[in-house]
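So you know, we letter chains A, B, ... as the sequences are listed, proteins then strands, and number each from 1. Just so we're clear, the structure is a prediction, and the values are computed from it rather than from any experiment.
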Amino acid sequence: MSMDPQELLSLCKRRGFLWPAYDIYGGLAGLYDYGPLGAALKKNIEEHWRALYVLGEGFHEISCPIVAPEAVFKASGHTDAFSDMYVECTKCGETFRADHLVTGLHEAPASLDEKQLGRLLKENKVKCPSCGGELTDPKRFNLMFRTSVGAGKGKVAYLRPETAQGMFVNFSQVYRFGREKLPVGAVQIGRAFRNEISPRQGLIRLREFSQMEAELFLHPDHKSWPRYKDVKGQVLELVPNKGKPVKMTLEDAVKAKTIANEALAYFIWLTYKFAIDVGLDASKLRFRQHLEKEMAHYAADCWDLEADIGYGWTELVGIADRGSYDVQAHISHSGADLTAFERFDEPKEVEQQVVRPNFGALGPLFKGKAKQVADGLSKLHVGSVAGKDGVTVEVDGEMCSVPSSCYEVVLKKEKVSGRKLVPHVIEPSYGVDRILFSVLDHAYTQKDDYVTLRLKGLVAPIKAGVFPLMARDGLDEIAGAICNELTKAGLAAYYDDSGSIGRRYARMDEIGTPCCITVDYESKKDGKVTIRERDTAKQLRVEIAKVPRAVETLLSGGGLEPVSALR
RNA sequence: GCGGCUGUAGUCUAGCGGUUAGGACUGAAGCUUCCCAAGCUUCAAGCCCGGGUUCGAAUCCCGGCAGCCGCACCA
């Protein structure tokens with residue numbers, strides 16, 4: 001536990017990072033507005049993520065709709081949550097699947113709605129299996145927001161509960177765009193929605209939130225990434241689901257099977273780099289492997305980046321090897337061919353024995369059904385035909401006896417130049433709002449009553465404060481001009497001439513502005529201004545013309561030393 | 001969703017059936033050659049919403065909403 005989250009939330013509200021949404025109407029739990037500083041911070045975090053994944057790793061960024069038809073979530077398994085109805089014991093509080101309690105009392109419990117289930121439970125006087133207490137009426141958990149598209153009854157649709165599905169369903173497009181090579185990656189930054197039962201803890205559990213997700217599609221036998229070799233010697237602290245926390249290199253972790261494969265290891269590393277870059281405190285971060293029971297049944301491996309913040313250890317990022325589950329699910333449900341083609345080094349001649357129907361004999365015998373019988377014959381294994389006088393083939397539920405004169409077993413030669421394969425997926429999934437809140441939490445420092453947000457230059461919403469020591473005698477004009485120059489250089493600057501100079505510094509410190517520029521009476525004589533570094537309160541005189549470069553230098557880290565070396 | 005606690009300016013808070021609802025910080029305007037929330041003057045801003053009890057409610061009761069803490073949930 002690092003600090004009281006309420007204090008941080010107060011600051012956020014006071015200074016324009018965050019506001020409870022729709023506050024004048026009493027608000028709505030689980031929704032927050034980002035104020036100007038919060039929106040800027042969020043943008044900076046997202047921008048850096050984009051720089052790493054899109055520019056750095058060559059992932060393809062796409063942007064899919066938030067509303068999606070029901071079929072998508074039937075395939076993904078998300079609608080399964082709707083069929084789960086729960087009852088709670090009024091005495092001991094334990095919860096049970098309602099359909100499980102009526103097994104044996106009804107032929108198809110899963111088909112019942114909550115009223116029918118409730119009646120069935122009452123009629124049969126079903127009590128709590130563990131303590132015998134009274135049960136509540138069945139309730140369904142509905143974690144997706146449901147809506148309908150179009151007029152009248154419309155078509156059932158949902159707000160996406162994650163951005164990932166948009167990338168899975170677009171695999172073929174992304175694959176083709178990437179010139180039909182594996183691995184290929186897609187990313188998406190966007191909003192997702194979950195109708196949480198009880199959202200709490202500020203930005204940690206929202207009903208509408210932002211995700212940055214990447215889907216890396218890989219060859220199932222080659223789960224690596226080109227840059228793995230550059231980072232494999234890096235050491236990370238890992239909390240595996242078996243044994244004690246360990247400090248080891250990525251290479252050792254993969255060799256020891258602590259991390260399932262090289263690609264997963266690489267993106268764990270990239271996640272760590274991202275976290276440090278945006279200013280999270282390394283001593284308050286850990287990678288925790290999902291427990292066996294926590295992991296989805298199809299997942300080969302899954303690691304969470306957790307941060308220690310005021311609420312305790314909190315999941316910020318999940319990095320999972322999802323195998324072929326998602327893509328395969330969409331293949332099965334949609335019938336689309338979401339496969340990659342693996343070309344063999346040399347085309348192979350494949351010889352195969354197949355059953356070939358003899359239409360000359362089938363036609364007169366089966367007339368209109370001949371085609372269907374032939375199809376059935378083609379599907380038979382050679383082994384089930386060999387040495388028999390005839391076989392039976394099912395046509396429209398009817399068994400037809402087919403004499404051996406109607407088919408023959410032949411050797412078929414085929415040239416095969418490759419094979420289709422369903423890609424495996426490694427999914428790094430980042431919760432933007434949680435990351436943003438953790439960045440603030442880790443940046444928050446307090447000395448007596450003086451609060452400083454030690455935000456890194458990369459993410460700070462405002463890069464520099466610019467003040468005239470006095471708002472007169474032309475100092476204000478010089479300061480205004482400097483402010484303009486900074487803005488022109490793409491650096492968000494904030495002009496302030498109200499109150500004492502100390503108060504103005506304090507204002508900037510509290511919102512994490514990395515440096516301040518002060519114009520004083522000397523400036524008019526020597527053309528220099530004071531640049532002050534937030535975290536040390538140290539100052540340096542620099543020429544006005546060099547201010548934008550000085551600020552840039554300071555933002556890139558390393559303090560005032562490199563600034564004084566500027567020429 | 002259940003149970004407990006809570007709700008007063010932007011923030012923190014005083015109030016305990018009758019107050020012009022008080023303060024601190026912040027904010028705004030101004031004075032002050034002002035480099036670390038200095039000082040002074042002036043100003044702005046509040047009882048979560050809706051019912052009820054009462055001559056009278058920020059205060060008591062009920063409902064809603066929101067927040068916190070536990071339980072459950074977190075696909």
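- Minimum atom distance to the side chain of A:Y521 is reached by B:rU33, of the listed B:rC35, B:rU33, B:rU11.
- Across the P atoms, B:rG30 and B:rC16 are found 40 Å apart, a figure rounded to whole Å.
- B:rA37 and B:rA24 are spaced 13 Å apart, taking the C1' atom of each and rounding to whole Å.
- Base contact: A:Y450 has a heavy atom under 4.0 Å from a base atom.
- On the C1' atoms, B:rC61 is 13 Å away from B:rG17, given to the nearest whole Å.
- The side-chain heavy atoms of A:Q211 and A:Y430, taken from C-beta on, include no pair separated by under 4.5 Å.
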*I would like to know whether A:R507 and A:D496 meet side chain to side chain contact (heavy atoms under 4.5 Å, CB included); could you show each step before the answer?*
CA-CA 10 Å; A:R507 274 198 277 256; A:D496 190 356; 3.0 Å; yes
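- Between A:Y311 and A:F437, the ring centre distance stays below 6.0 Å.
- Taking side-chain N and O atoms only, A:S498 has a distance below 4.0 Å to OP1 or OP2 of B:rA28.
- Contact annotation for A:R205: base contact, defined as any heavy-atom pair under 4.0 Å involving a base atom.
- As the counterpart of B:rC40, B:rG30 is assigned, both hydrogen-bonding distances of the Watson-Crick or G-U wobble pattern falling under 3.5 Å.
- The gap from the C1' atom of B:rA57 to that of B:rG4 amounts to 26 Å, rounded to the nearest Å.
- Using N1 to N3 plus N6-O4 or O6-N4 for Watson-Crick, or N1-O2 and O6-N3 for G-U wobble, each under 3.5 Å, B:rA45 pairs with nothing.
- Across the strands present, B:rC55 finds its partner in B:rG18; the criterion is a Watson-Crick or G-U wobble pair with both atom distances under 3.5 angstrom.
- Relative to the ring axis of A:W303, A:R288 does not place its NZ or CZ within 45° and under 6.0 Å from the centre.
- Rounded to the nearest Å, the gap between the C1' atom of B:rA21 and that of B:rU13 is 13 Å.
- The listed nucleotides are B:rC35, B:rG10, B:rC36; the one nearest the side chain of A:K13 is B:rG10.
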